[in-house]
Amino acid sequence: MSATTTHNLYQINHFPKTQYRLISSPSEFLGVSFPARFFSDPQIHKLRSSSIVKPPRATSTTEKSKNNPNKNNEGDDDDEEKQQKQSSMIKLDDVNPVGLGRKSRQIFDELWRKFSGLGQISRTIRSDDESTLLIRESGPMCEFAIPGAQNTTILVVGATSRVGRIVVRKLMLRGYTVKALVRKTDQEVVDMLPRSVEIVIGDVGDPSSLKAVVQGCNKIIYCATARSAITGDLNRVDYLGVSNLTKAFQDYNHKLAQLRAGKSSKSKLLLAKFNSEKSLDGWDVRQGTYFQDAIAAKGGYVELTKKLSLPLGCTLDRYEGLVLSVGGNGRSYVLILEAGPLADTTQSKLYFARFTTKVGFCRVRVPFSSFRPVKPDDPPLDPFLVHTLTIRFEPRRQRPIEGPAGANQDLRSFKLKMEYIKALPTGQETDFILVSCTGLGIEPSRREQVLKAKKAGEDSLRRSGLGYTIVRPGPLQEEPGGQRALVFDQGNRISQGISCVDVADICVKALHDSTARNKSFDVCYEYVAEPGKELYELVAHLPDKANNYLTPALSVLEKNT
(Lines give C-alpha, C1' and ligand atoms only; values in the text may rest on other atoms or scores of the structure.)
Protein backbone atom coordinates (compact mmCIF):
# COMPACT_ATOMS: atom_id res chain seq x y z
CA MET A 1 0.00 0.00 0.00
CA SER A 2 1.42 3.38 -0.96
CA ALA A 3 1.90 6.28 1.43
CA THR A 4 -0.87 8.22 -0.29
CA THR A 5 -3.37 5.44 0.23
CA THR A 6 -2.44 5.18 3.90
CA HIS A 7 -2.88 8.93 4.29
CA ASN A 8 -6.39 8.83 2.80
CA LEU A 9 -7.47 5.95 4.98
CA TYR A 10 -6.32 7.77 8.09
CA GLN A 11 -8.09 10.88 6.94
CA ILE A 12 -11.39 9.04 6.57
CA ASN A 13 -11.17 7.31 9.91
CA HIS A 14 -9.85 10.10 12.10
CA PHE A 15 -9.91 13.53 10.49
CA PRO A 16 -13.05 13.97 8.33
CA LYS A 17 -13.07 16.89 5.93
CA THR A 18 -9.41 17.64 6.69
CA GLN A 19 -6.58 17.73 4.16
CA TYR A 20 -2.87 18.16 4.76
CA ARG A 21 -0.22 19.98 2.78
CA LEU A 22 3.02 21.77 3.55
CA ILE A 23 2.81 25.54 3.91
CA SER A 24 5.29 28.03 2.59
CA SER A 25 4.76 30.79 5.15
CA PRO A 26 2.87 31.50 8.38
CA SER A 27 0.70 34.06 6.58
CA GLU A 28 -0.42 31.36 4.16
CA PHE A 29 -1.23 29.13 7.12
CA LEU A 30 -3.43 31.76 8.76
CA GLY A 31 -4.95 32.95 5.51
CA VAL A 32 -4.30 36.61 6.35
CA SER A 33 -1.59 39.18 5.71
CA PHE A 34 0.57 40.42 8.55
CA PRO A 35 2.54 43.67 8.83
CA ALA A 36 6.24 43.47 8.06
CA ARG A 37 7.18 44.32 11.63
CA PHE A 38 5.32 41.23 12.81
CA PHE A 39 7.82 38.94 11.10
CA SER A 40 10.79 40.98 12.32
CA ASP A 41 10.61 39.09 15.59
CA PRO A 42 13.46 36.54 15.75
CA GLN A 43 11.04 33.96 17.13
CA ILE A 44 8.80 34.36 14.09
CA HIS A 45 11.77 33.97 11.75
CA LYS A 46 12.62 30.86 13.65
CA LEU A 47 9.11 29.51 13.10
CA ARG A 48 9.11 30.43 9.40
CA SER A 49 12.35 28.60 8.78
CA SER A 50 11.26 25.48 10.65
CA SER A 51 9.78 22.56 8.79
CA ILE A 52 6.56 20.80 9.71
CA VAL A 53 8.44 17.49 9.94
CA LYS A 54 11.81 17.82 11.67
CA PRO A 55 14.73 16.14 9.82
CA PRO A 56 17.27 13.99 11.64
CA ARG A 57 19.72 15.95 13.74
CA ALA A 58 22.82 16.93 11.73
CA THR A 59 26.29 17.87 13.00
CA SER A 60 26.51 21.63 13.41
CA THR A 61 29.07 23.84 11.66
CA THR A 62 30.76 24.62 14.97
CA GLU A 63 31.27 20.96 15.72
CA LYS A 64 32.74 20.42 12.25
CA SER A 65 35.10 23.33 12.67
CA LYS A 66 36.30 21.87 15.97
CA ASN A 67 36.97 18.51 14.35
CA ASN A 68 38.73 20.07 11.36
CA PRO A 69 40.22 23.46 12.27
CA ASN A 70 42.09 23.77 8.99
CA LYS A 71 38.90 23.88 6.92
CA ASN A 72 38.32 27.30 5.33
CA ASN A 73 35.13 29.37 5.25
CA GLU A 74 34.33 28.32 1.70
CA GLY A 75 34.14 24.71 2.77
CA ASP A 76 31.87 25.67 5.63
CA ASP A 77 29.47 27.37 3.20
CA ASP A 78 29.35 24.24 1.06
CA ASP A 79 28.55 22.10 4.09
CA GLU A 80 25.73 24.46 5.06
CA GLU A 81 24.24 24.28 1.58
CA LYS A 82 24.42 20.48 1.62
CA GLN A 83 22.80 20.41 5.04
CA GLN A 84 19.97 22.68 3.87
CA LYS A 85 19.36 20.51 0.81
CA GLN A 86 19.34 17.40 2.96
CA SER A 87 16.87 19.03 5.41
CA SER A 88 14.52 20.13 2.62
CA MET A 89 14.37 16.66 1.06
CA ILE A 90 11.49 14.89 2.83
CA LYS A 91 10.23 11.61 1.51
CA LEU A 92 6.52 11.00 1.33
CA ASP A 93 7.04 7.81 3.35
CA ASP A 94 8.38 9.93 6.25
CA VAL A 95 5.27 12.12 6.40
CA ASN A 96 3.11 11.01 9.32
CA PRO A 97 -0.41 12.55 9.32
CA VAL A 98 -0.45 12.57 13.12
CA GLY A 99 2.83 14.44 13.27
CA LEU A 100 1.73 16.84 10.56
CA GLY A 101 -1.48 17.72 12.36
CA ARG A 102 0.14 18.13 15.76
CA LYS A 103 3.09 20.14 14.47
CA SER A 104 0.93 22.44 12.35
CA ARG A 105 -1.30 23.02 15.36
CA GLN A 106 1.70 23.95 17.49
CA ILE A 107 2.98 26.36 14.85
CA PHE A 108 -0.43 27.98 14.57
CA ASP A 109 -0.82 28.39 18.34
CA GLU A 110 2.59 30.06 18.59
CA LEU A 111 1.80 32.41 15.70
CA TRP A 112 -1.60 33.20 17.12
CA ARG A 113 -0.09 34.22 20.47
CA LYS A 114 2.34 36.50 18.67
CA PHE A 115 -0.44 37.98 16.55
CA SER A 116 -2.94 38.46 19.40
CA GLY A 117 -0.21 40.01 21.55
CA LEU A 118 0.40 42.92 19.15
CA GLY A 119 -0.40 46.15 20.92
CA GLN A 120 -0.73 44.40 24.27
CA ILE A 121 1.52 45.04 27.25
CA SER A 122 3.42 41.88 27.90
CA ARG A 123 2.96 40.76 31.48
CA THR A 124 5.26 37.82 31.83
CA ILE A 125 7.25 35.24 29.94
CA ARG A 126 5.32 32.04 30.01
CA SER A 127 7.06 29.05 31.50
CA ASP A 128 4.52 26.59 30.14
CA ASP A 129 3.12 26.00 26.68
CA GLU A 130 -0.24 27.73 26.28
CA SER A 131 -1.20 25.52 23.36
CA THR A 132 -1.20 22.28 25.37
CA LEU A 133 -4.86 22.55 26.33
CA LEU A 134 -5.96 23.46 22.82
CA ILE A 135 -4.01 20.61 21.24
CA ARG A 136 -5.82 18.18 23.50
CA GLU A 137 -9.16 19.32 22.12
CA SER A 138 -8.53 17.25 18.98
CA GLY A 139 -10.67 17.57 15.88
CA PRO A 140 -10.34 20.25 13.18
CA MET A 141 -9.51 23.73 14.34
CA CYS A 142 -12.37 26.06 15.16
CA GLU A 143 -13.28 29.17 13.21
CA PHE A 144 -10.89 32.07 13.82
CA ALA A 145 -13.49 34.79 14.21
CA ILE A 146 -17.21 35.35 14.66
CA PRO A 147 -18.98 38.43 13.23
CA GLY A 148 -19.22 41.03 15.98
CA ALA A 149 -16.88 39.16 18.32
CA GLN A 150 -14.31 41.97 18.30
CA ASN A 151 -17.00 44.30 19.69
CA THR A 152 -18.09 41.82 22.39
CA THR A 153 -16.38 41.64 25.77
CA ILE A 154 -16.86 38.45 27.78
CA LEU A 155 -16.19 38.29 31.51
CA VAL A 156 -15.05 34.80 32.52
CA VAL A 157 -15.38 34.01 36.22
CA GLY A 158 -13.34 31.01 37.26
CA ALA A 159 -10.96 31.46 34.31
CA THR A 160 -8.35 29.19 35.92
CA SER A 161 -10.75 26.30 36.51
CA ARG A 162 -10.73 23.18 34.35
CA VAL A 163 -13.56 24.46 32.16
CA GLY A 164 -12.68 28.16 32.44
CA ARG A 165 -9.18 27.79 31.00
CA ILE A 166 -10.56 26.18 27.86
CA VAL A 167 -13.39 28.72 27.59
CA VAL A 168 -10.86 31.58 27.64
CA ARG A 169 -8.81 30.13 24.78
CA LYS A 170 -11.86 29.28 22.69
CA LEU A 171 -13.11 32.85 23.07
CA MET A 172 -9.74 34.27 22.04
CA LEU A 173 -9.57 32.07 18.95
CA ARG A 174 -12.93 33.43 17.88
CA GLY A 175 -11.88 37.07 18.28
CA TYR A 176 -13.64 38.05 21.52
CA THR A 177 -12.24 40.47 24.07
CA VAL A 178 -11.81 38.45 27.25
CA LYS A 179 -11.68 39.65 30.86
CA ALA A 180 -10.74 37.18 33.58
CA LEU A 181 -11.83 37.73 37.18
CA VAL A 182 -9.29 36.62 39.80
CA ARG A 183 -9.08 37.24 43.54
CA LYS A 184 -5.37 38.11 43.46
CA THR A 185 -2.69 38.32 40.81
CA ASP A 186 -0.29 35.63 41.94
CA GLN A 187 2.39 34.72 39.43
CA GLU A 188 0.99 31.20 39.26
CA VAL A 189 -2.46 32.54 38.36
CA VAL A 190 -1.06 34.95 35.77
CA ASP A 191 0.93 32.19 34.11
CA MET A 192 -2.22 30.13 33.64
CA LEU A 193 -3.84 32.77 31.42
CA PRO A 194 -2.91 33.98 27.92
CA ARG A 195 -1.08 37.30 27.81
CA SER A 196 -3.77 39.11 25.81
CA VAL A 197 -6.44 38.42 28.45
CA GLU A 198 -7.30 41.41 30.64
CA ILE A 199 -7.02 40.39 34.29
CA VAL A 200 -9.36 42.14 36.72
CA ILE A 201 -9.17 41.74 40.50
CA GLY A 202 -12.33 41.12 42.51
CA ASP A 203 -14.16 38.75 44.80
CA VAL A 204 -17.59 37.35 43.92
CA GLY A 205 -18.34 37.32 47.66
CA ASP A 206 -17.72 41.09 47.90
CA PRO A 207 -20.40 43.05 45.98
CA SER A 208 -18.46 46.33 46.16
CA SER A 209 -15.52 44.85 44.24
CA LEU A 210 -17.72 43.76 41.33
CA LYS A 211 -18.84 47.22 40.23
CA ALA A 212 -15.58 47.91 38.42
CA VAL A 213 -15.28 44.32 37.20
CA VAL A 214 -18.42 44.39 35.02
CA GLN A 215 -17.56 47.72 33.39
CA GLY A 216 -17.53 47.31 29.61
CA CYS A 217 -18.74 43.68 29.68
CA ASN A 218 -21.46 42.45 27.34
CA LYS A 219 -21.82 38.85 28.57
CA ILE A 220 -20.67 36.71 31.49
CA ILE A 221 -19.61 33.05 31.67
CA TYR A 222 -19.51 31.81 35.28
CA CYS A 223 -17.30 28.72 35.69
CA ALA A 224 -16.25 29.28 39.31
CA THR A 225 -16.97 26.71 42.00
CA ALA A 226 -16.12 26.43 45.68
CA ARG A 227 -12.85 24.65 46.40
CA SER A 228 -14.14 23.07 49.61
CA ALA A 229 -17.38 21.63 50.97
CA ILE A 230 -17.48 24.11 53.85
CA THR A 231 -20.90 25.72 53.92
CA GLY A 232 -19.41 29.22 54.04
CA ASP A 233 -17.32 28.67 50.91
CA LEU A 234 -20.23 27.06 49.05
CA ASN A 235 -22.56 29.96 49.81
CA ARG A 236 -19.92 32.58 48.99
CA VAL A 237 -19.05 31.20 45.54
CA ASP A 238 -21.93 29.08 44.28
CA TYR A 239 -24.83 31.12 45.69
CA LEU A 240 -23.89 34.66 46.75
CA GLY A 241 -21.25 34.88 44.03
CA VAL A 242 -23.87 34.37 41.31
CA SER A 243 -26.35 36.65 43.05
CA ASN A 244 -23.83 39.47 43.57
CA LEU A 245 -22.55 39.31 40.02
CA THR A 246 -26.00 39.34 38.43
CA LYS A 247 -26.96 42.36 40.52
CA ALA A 248 -23.76 44.21 39.60
CA PHE A 249 -24.33 43.41 35.92
CA GLN A 250 -27.93 44.60 36.09
CA ASP A 251 -26.89 47.83 37.82
CA TYR A 252 -24.31 48.42 35.10
CA ASN A 253 -26.94 47.90 32.38
CA HIS A 254 -29.29 50.31 34.13
CA LYS A 255 -26.54 52.89 34.35
CA LEU A 256 -25.89 52.60 30.63
CA ALA A 257 -29.60 53.00 29.95
CA GLN A 258 -29.74 56.18 32.04
CA LEU A 259 -26.80 57.65 30.17
CA ARG A 260 -28.63 56.94 26.92
CA ALA A 261 -31.79 58.60 28.27
CA GLY A 262 -33.70 55.35 28.01
CA LYS A 263 -34.48 52.17 29.86
CA SER A 264 -32.33 49.09 29.85
CA SER A 265 -33.61 46.30 27.62
CA LYS A 266 -32.77 43.92 30.48
CA SER A 267 -35.01 45.70 33.03
CA LYS A 268 -38.11 43.98 34.40
CA LEU A 269 -41.42 45.86 34.20
CA LEU A 270 -43.12 46.28 37.58
CA LEU A 271 -46.81 45.42 37.32
CA ALA A 272 -47.68 45.33 41.03
CA LYS A 273 -45.84 45.78 44.31
CA PHE A 274 -47.42 44.98 47.68
CA ASN A 275 -45.61 47.03 50.34
CA SER A 276 -48.50 48.97 51.92
CA GLU A 277 -52.28 49.03 52.21
CA LYS A 278 -52.45 51.56 49.41
CA SER A 279 -50.85 49.04 47.05
CA LEU A 280 -54.09 46.99 47.29
CA ASP A 281 -56.09 49.74 45.54
CA GLY A 282 -57.56 48.49 42.28
CA TRP A 283 -57.52 44.82 43.30
CA ASP A 284 -60.91 43.13 43.61
CA VAL A 285 -61.61 39.97 45.59
CA ARG A 286 -64.19 37.68 44.04
CA GLN A 287 -65.48 34.21 44.78
CA GLY A 288 -67.75 31.75 43.06
CA THR A 289 -68.55 28.10 42.47
CA TYR A 290 -68.39 25.82 39.44
CA PHE A 291 -71.49 23.82 40.40
CA GLN A 292 -74.17 23.72 43.09
CA ASP A 293 -74.45 20.50 45.07
CA ALA A 294 -73.70 19.07 48.48
CA ILE A 295 -69.95 19.59 48.05
CA ALA A 296 -70.15 23.03 46.50
CA ALA A 297 -67.47 24.24 48.87
CA LYS A 298 -64.93 21.99 47.16
CA GLY A 299 -66.03 23.19 43.74
CA GLY A 300 -65.75 26.87 44.54
CA TYR A 301 -62.91 29.33 44.04
CA VAL A 302 -61.63 32.68 45.27
CA GLU A 303 -59.64 35.10 43.15
CA LEU A 304 -57.82 38.41 43.20
CA THR A 305 -58.08 40.46 40.01
CA LYS A 306 -56.95 43.83 38.68
CA LYS A 307 -56.90 45.74 35.41
CA LEU A 308 -53.32 46.42 34.37
CA SER A 309 -52.12 50.00 34.02
CA LEU A 310 -48.95 49.95 31.93
CA PRO A 311 -46.60 52.93 31.49
CA LEU A 312 -47.02 54.95 28.32
CA GLY A 313 -45.33 53.18 25.41
CA CYS A 314 -44.99 49.83 27.24
CA THR A 315 -46.78 46.72 26.02
CA LEU A 316 -46.39 43.17 27.23
CA ASP A 317 -45.46 41.88 23.78
CA ARG A 318 -41.97 43.22 24.52
CA TYR A 319 -41.72 40.77 27.41
CA GLU A 320 -41.63 37.01 27.50
CA GLY A 321 -43.39 36.18 30.75
CA LEU A 322 -44.15 37.05 34.37
CA VAL A 323 -42.21 36.54 37.59
CA LEU A 324 -43.99 36.54 40.95
CA SER A 325 -42.40 36.79 44.39
CA VAL A 326 -44.84 34.94 46.64
CA GLY A 327 -44.94 33.16 49.97
CA GLY A 328 -47.36 30.42 50.80
CA ASN A 329 -47.96 27.05 52.34
CA GLY A 330 -47.33 24.84 49.31
CA ARG A 331 -50.68 25.32 47.55
CA SER A 332 -51.09 25.66 43.79
CA TYR A 333 -52.78 28.61 42.08
CA VAL A 334 -54.06 29.61 38.66
CA LEU A 335 -52.80 32.71 36.90
CA ILE A 336 -55.39 34.04 34.44
CA LEU A 337 -54.81 36.68 31.77
CA GLU A 338 -57.66 38.38 29.96
CA ALA A 339 -56.75 39.62 26.47
CA GLY A 340 -58.76 41.53 23.89
CA PRO A 341 -59.65 45.03 22.67
CA LEU A 342 -60.26 47.47 25.50
CA ALA A 343 -63.07 49.16 23.57
CA ASP A 344 -65.12 45.97 23.63
CA THR A 345 -64.30 43.67 26.56
CA THR A 346 -66.99 41.23 25.44
CA GLN A 347 -64.51 40.09 22.78
CA SER A 348 -61.87 39.26 25.37
CA LYS A 349 -60.44 35.76 25.72
CA LEU A 350 -59.24 34.02 28.88
CA TYR A 351 -55.88 32.25 29.18
CA PHE A 352 -54.57 30.35 32.21
CA ALA A 353 -51.36 28.84 33.60
CA ARG A 354 -50.81 27.03 36.90
CA PHE A 355 -47.99 27.54 39.39
CA THR A 356 -47.15 26.02 42.78
CA THR A 357 -45.79 27.83 45.83
CA LYS A 358 -43.46 26.57 48.54
CA VAL A 359 -43.52 26.87 52.28
CA GLY A 360 -41.96 30.30 52.64
CA PHE A 361 -41.09 32.84 49.94
CA CYS A 362 -40.09 31.82 46.42
CA ARG A 363 -39.92 33.29 42.92
CA VAL A 364 -42.09 31.81 40.21
CA ARG A 365 -41.47 32.38 36.50
CA VAL A 366 -44.46 31.93 34.21
CA PRO A 367 -43.63 32.43 30.50
CA PHE A 368 -46.40 33.62 28.19
CA SER A 369 -45.86 30.49 26.12
CA SER A 370 -47.22 28.38 29.01
CA PHE A 371 -50.64 30.07 29.00
CA ARG A 372 -53.44 28.03 27.41
CA PRO A 373 -56.83 29.31 26.23
CA VAL A 374 -59.79 28.42 28.47
CA LYS A 375 -61.73 27.60 25.33
CA PRO A 376 -59.67 25.28 23.10
CA ASP A 377 -60.92 26.97 19.92
CA ASP A 378 -59.55 30.38 20.90
CA PRO A 379 -56.29 31.61 19.27
CA PRO A 380 -52.98 31.58 21.21
CA LEU A 381 -52.28 34.35 23.69
CA ASP A 382 -51.20 37.70 22.26
CA PRO A 383 -49.42 39.57 25.10
CA PHE A 384 -50.04 42.87 23.31
CA LEU A 385 -53.79 42.59 24.07
CA VAL A 386 -53.54 41.62 27.77
CA HIS A 387 -55.45 44.05 30.00
CA THR A 388 -56.48 42.13 33.14
CA LEU A 389 -54.58 39.82 35.53
CA THR A 390 -56.19 37.37 37.96
CA ILE A 391 -54.80 35.02 40.62
CA ARG A 392 -57.21 32.23 41.56
CA PHE A 393 -57.27 29.54 44.26
CA GLU A 394 -59.27 26.37 43.54
CA PRO A 395 -59.65 23.80 46.39
CA ARG A 396 -60.55 21.00 44.00
CA ARG A 397 -57.09 21.20 42.39
CA GLN A 398 -55.16 20.85 45.65
CA ARG A 399 -53.16 17.89 46.86
CA PRO A 400 -52.06 17.14 50.42
CA ILE A 401 -48.65 18.54 51.29
CA GLU A 402 -46.08 15.90 52.11
CA GLY A 403 -45.63 15.44 55.82
CA PRO A 404 -46.95 13.56 58.83
CA ALA A 405 -50.11 15.69 58.92
CA GLY A 406 -50.71 15.57 55.19
CA ALA A 407 -53.75 13.28 55.39
CA ASN A 408 -55.53 15.57 57.86
CA GLN A 409 -55.06 18.82 55.97
CA ASP A 410 -58.00 20.97 54.97
CA LEU A 411 -57.57 21.45 51.23
CA ARG A 412 -59.81 24.52 51.34
CA SER A 413 -57.36 26.51 53.47
CA PHE A 414 -54.58 28.54 51.88
CA LYS A 415 -52.19 31.37 52.65
CA LEU A 416 -50.66 33.57 49.98
CA LYS A 417 -48.28 36.46 50.58
CA MET A 418 -47.26 38.54 47.58
CA GLU A 419 -44.26 40.83 47.25
CA TYR A 420 -44.40 41.84 43.58
CA ILE A 421 -45.41 40.86 40.05
CA LYS A 422 -43.07 41.80 37.22
CA ALA A 423 -42.79 41.19 33.49
CA LEU A 424 -39.59 39.55 32.25
CA PRO A 425 -37.85 41.27 29.30
CA THR A 426 -37.45 39.38 26.08
CA GLY A 427 -34.27 39.03 24.06
CA GLN A 428 -32.58 37.00 21.37
CA GLU A 429 -29.41 35.95 23.16
CA THR A 430 -28.31 34.91 26.60
CA ASP A 431 -26.54 37.37 28.89
CA PHE A 432 -25.23 35.07 31.61
CA ILE A 433 -24.01 31.46 31.25
CA LEU A 434 -23.68 29.48 34.48
CA VAL A 435 -21.82 26.17 34.68
CA SER A 436 -23.50 24.26 37.50
CA CYS A 437 -23.49 20.49 38.16
CA THR A 438 -25.82 17.49 38.37
CA GLY A 439 -24.42 16.12 41.61
CA LEU A 440 -22.91 13.04 39.96
CA GLY A 441 -19.34 12.37 41.01
CA ILE A 442 -19.70 14.28 44.30
CA GLU A 443 -19.16 12.38 47.50
CA PRO A 444 -22.52 11.43 49.05
CA SER A 445 -21.49 12.98 52.37
CA ARG A 446 -21.30 16.48 50.87
CA ARG A 447 -23.55 16.17 47.82
CA GLU A 448 -26.60 17.67 49.54
CA GLN A 449 -24.68 20.76 50.67
CA VAL A 450 -23.16 21.34 47.23
CA LEU A 451 -26.46 20.92 45.38
CA LYS A 452 -28.25 23.22 47.82
CA ALA A 453 -25.78 26.05 47.16
CA LYS A 454 -25.79 25.39 43.39
CA LYS A 455 -29.59 25.43 43.26
CA ALA A 456 -29.74 28.69 45.22
CA GLY A 457 -27.32 30.26 42.74
CA GLU A 458 -29.40 29.03 39.81
CA ASP A 459 -32.59 30.47 41.33
CA SER A 460 -30.96 33.87 41.87
CA LEU A 461 -29.93 33.94 38.21
CA ARG A 462 -33.42 33.00 36.97
CA ARG A 463 -35.13 35.78 38.88
CA SER A 464 -32.53 38.41 37.97
CA GLY A 465 -34.22 39.29 34.67
CA LEU A 466 -31.08 38.54 32.67
CA GLY A 467 -31.20 36.11 29.82
CA TYR A 468 -29.57 32.98 31.21
CA THR A 469 -28.25 29.57 30.21
CA ILE A 470 -27.58 27.04 32.98
CA VAL A 471 -25.40 24.08 31.99
CA ARG A 472 -25.37 21.10 34.36
CA PRO A 473 -22.65 18.72 33.15
CA GLY A 474 -22.00 15.25 34.46
CA PRO A 475 -18.66 14.47 36.15
CA LEU A 476 -15.93 16.37 34.30
CA GLN A 477 -13.27 14.34 32.53
CA GLU A 478 -9.85 15.40 31.26
CA GLU A 479 -9.95 14.12 27.69
CA PRO A 480 -10.25 15.51 24.13
CA GLY A 481 -13.64 16.84 23.09
CA GLY A 482 -15.75 16.30 20.02
CA GLN A 483 -15.26 12.56 20.02
CA ARG A 484 -18.59 11.25 21.30
CA ALA A 485 -22.29 12.06 20.98
CA LEU A 486 -23.90 14.12 23.72
CA VAL A 487 -27.15 13.73 25.62
CA PHE A 488 -29.14 16.89 26.48
CA ASP A 489 -31.88 16.36 29.03
CA GLN A 490 -34.01 17.97 31.72
CA GLY A 491 -35.06 16.14 34.85
CA ASN A 492 -31.87 14.99 36.56
CA ARG A 493 -31.76 11.64 34.75
CA ILE A 494 -28.31 11.49 33.15
CA SER A 495 -25.71 9.11 34.53
CA GLN A 496 -22.45 9.67 32.61
CA GLY A 497 -19.56 12.14 32.59
CA ILE A 498 -18.41 14.59 29.91
CA SER A 499 -15.18 16.18 28.73
CA CYS A 500 -14.25 19.65 30.01
CA VAL A 501 -13.65 20.62 26.37
CA ASP A 502 -17.20 19.73 25.35
CA VAL A 503 -18.63 21.75 28.25
CA ALA A 504 -16.52 24.76 27.22
CA ASP A 505 -17.67 24.37 23.62
CA ILE A 506 -21.32 24.38 24.73
CA CYS A 507 -20.75 27.59 26.72
CA VAL A 508 -19.17 29.36 23.75
CA LYS A 509 -21.83 28.19 21.30
CA ALA A 510 -24.62 29.29 23.65
CA LEU A 511 -23.45 32.93 23.57
CA HIS A 512 -25.28 33.68 20.31
CA ASP A 513 -27.77 30.80 20.12
CA SER A 514 -31.33 32.05 20.67
CA THR A 515 -32.52 28.57 21.62
CA ALA A 516 -30.16 28.63 24.63
CA ARG A 517 -31.75 31.70 26.20
CA ASN A 518 -33.53 30.99 29.50
CA LYS A 519 -32.80 27.27 29.31
CA SER A 520 -31.49 24.95 32.04
CA PHE A 521 -30.34 21.50 30.99
CA ASP A 522 -28.19 18.51 31.91
CA VAL A 523 -25.57 17.22 29.48
CA CYS A 524 -23.31 14.18 29.37
CA TYR A 525 -21.89 11.60 26.98
CA GLU A 526 -24.18 9.25 25.11
CA TYR A 527 -25.08 6.10 27.00
CA VAL A 528 -27.63 3.29 27.03
CA ALA A 529 -30.37 4.42 29.41
CA GLU A 530 -31.95 2.17 31.98
CA PRO A 531 -35.42 0.75 31.21
CA GLY A 532 -38.03 3.43 31.73
CA LYS A 533 -35.52 6.29 31.53
CA GLU A 534 -35.03 6.48 27.77
CA LEU A 535 -36.75 9.85 27.43
CA TYR A 536 -33.90 12.15 26.48
CA GLU A 537 -32.86 14.08 23.40
CA LEU A 538 -29.78 12.63 21.71
CA VAL A 539 -27.82 14.80 19.30
CA ALA A 540 -24.72 13.59 17.50
CA HIS A 541 -21.79 15.87 18.23
CA LEU A 542 -19.39 15.44 15.36
CA PRO A 543 -15.86 16.95 15.54
CA ASP A 544 -16.60 19.53 12.89
CA LYS A 545 -16.61 23.29 13.39
CA ALA A 546 -19.55 23.67 10.97
CA ASN A 547 -21.73 21.28 12.97
CA ASN A 548 -24.29 23.28 14.98
CA TYR A 549 -25.42 20.57 17.34
CA LEU A 550 -26.64 22.91 20.10
CA THR A 551 -29.65 24.44 18.31
CA PRO A 552 -31.48 21.16 17.53
CA ALA A 553 -30.59 19.80 20.97
CA LEU A 554 -32.03 22.75 22.92
CA SER A 555 -34.99 23.57 20.67
CA VAL A 556 -37.00 20.65 22.14
CA LEU A 557 -36.29 21.59 25.77
CA GLU A 558 -38.54 23.77 27.92
CA LYS A 559 -37.73 27.36 28.78
CA ASN A 560 -37.78 29.04 32.19
CA THR A 561 -37.25 25.73 33.98
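In this chain, residues are counted from 1 in sequence order. What you see is a predicted model; the values in this text were computed from it and never measured.
- Across Glu419, Lys273, Lys422, a single residue satisfies side chain to side chain donor-acceptor pair (under 3.5 Å) together with Ser325, and that is Glu419.
- Between the side chain of Asp431 and the main chain of Gly467, a donor-acceptor pair closer than 3.5 Å is present.
- Shown are Thr225, Leu476, Val156; of these, the side chain to side chain contact (heavy atoms under 4.5 Å, CB included) with Val163 is made only by Leu476.
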Handout entry: Thr551 and Asp513: CA distance, side-chain angles, deciding distance, side chain to side chain donor-acceptor pair (under 3.5 Å) verdict
Key = CA-CA 7 Å; Thr551 299; Asp513 196 326; 2.7 Å; yes
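- Atom OH of residue Tyr239 and atom OG1 of residue Thr231 lie 14.0 Å apart, to the nearest 0.5 angstrom.
- Note that OG1 of Thr390 is 5.5 Å distant from CZ of Arg286, once rounded to the nearest 0.5 Å.
- A tilted orientation is assigned to the rings of Phe371 and Phe368, their planes being inclined by 30° to 60°.
- Donor-acceptor pairing under 3.5 Å is recorded for the side chains of Asp233 and Ser228.
- Judged by distance alone, with hydrogens and angles left aside, the side-chain atoms of Gln490 form a donor-acceptor pair with the main-chain N or O of Ser520 at under 3.5 Å.
- Glu338 has no carboxylate O lying under 4.0 Å from a charged side-chain N of Lys307, or vice versa, which leaves the two without a salt bridge.
- Rounded to the nearest 0.5 angstrom, Ile391 CD1 and Glu303 CD are separated by 10.5 Å.
- The shortest side-chain heavy-atom distance between Leu434 and Tyr468 does not fall under the 4.5 Å cut-off.
- Side chain of Glu320 to backbone of Pro367: no donor-acceptor contact under 3.5 angstrom is found.
- Taking 4.0 Å as the cut-off between side-chain N and carboxylate O, Asp489 and Arg493 count as a salt-bridged pair.
- With contacts defined as side-chain heavy-atom distances shorter than 4.5 Å, the pair Tyr549/Leu486 qualifies.
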Practice task
Just do the salt bridge (Lys or Arg N to Asp or Glu O under 4.0 Å) check on Arg363 and Asp459 with the steps written out, would you?
Solution key: CA-CA 8 Å; Arg363 269 76 172 182; Asp459 291 341; over 6 Å; no
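- Note: Phe274 and Trp283 have tilted aromatic rings, judged against thresholds of 30 and 60 degrees for the angle between ring planes.
- Residues passing the ring-ring contact (aromatic ring centres under 6.0 Å, His included) test with Tyr333, sequence neighbours excluded: Phe355, Phe393.
- Checked by atom type and distance alone, the side chain of Asn218 pairs as donor or acceptor with a backbone atom of Thr153 at under 3.5 Å.
- Val508 is listed as a side-chain neighbour of Arg174, based on a closest heavy-atom distance under 4.5 Å.
- The closest donor-acceptor contact from the side chain of Tyr319 to the backbone of Pro383 lies at 3.5 Å or more, if one exists at all.
- With salt bridges taken as basic N to acidic carboxylate O contacts below 4.0 Å, none links Arg446 and Glu448.
- Formation of a donor-acceptor pair under 3.5 Å by the Thr469 side chain with backbone atoms of Ala516 is found in this model.
- When atom types are taken as modelled, the side chain of Thr246 and the backbone of Val242 share a donor-acceptor pair closer than 3.5 angstrom.
- Side-chain atoms of Gln250 and Ser464 form no donor-acceptor pair, as typed in the model, at a separation below 3.5 Å.
- Within 6.0 Å of the NZ atom in Lys247, the count of heavy atoms belonging to other residues, nucleotides or ligands does not exceed 12.
- A donor-acceptor pair under 3.5 Å is formed between the side chain of Asn244 and the backbone N or O of Val204.
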Practice task
Test Arg331 against Glu394 for salt bridge (Lys or Arg N to Asp or Glu O under 4.0 Å), laying out the working first.
Solution key: CA-CA 10 Å; Arg331 301 301 187 194; Glu394 300 176 350; over 6 Å; no
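- The backbone N or O of Gly427 sits less than 3.5 Å from a side-chain atom of Arg517, completing a donor-acceptor pair.
- No more than 12 heavy atoms of other residues, nucleotides or ligands sit less than 6.0 Å from atom NZ of Lys255.
- The closest donor-acceptor contact from the side chain of Lys519 to the backbone of Leu554 lies under 3.5 Å.
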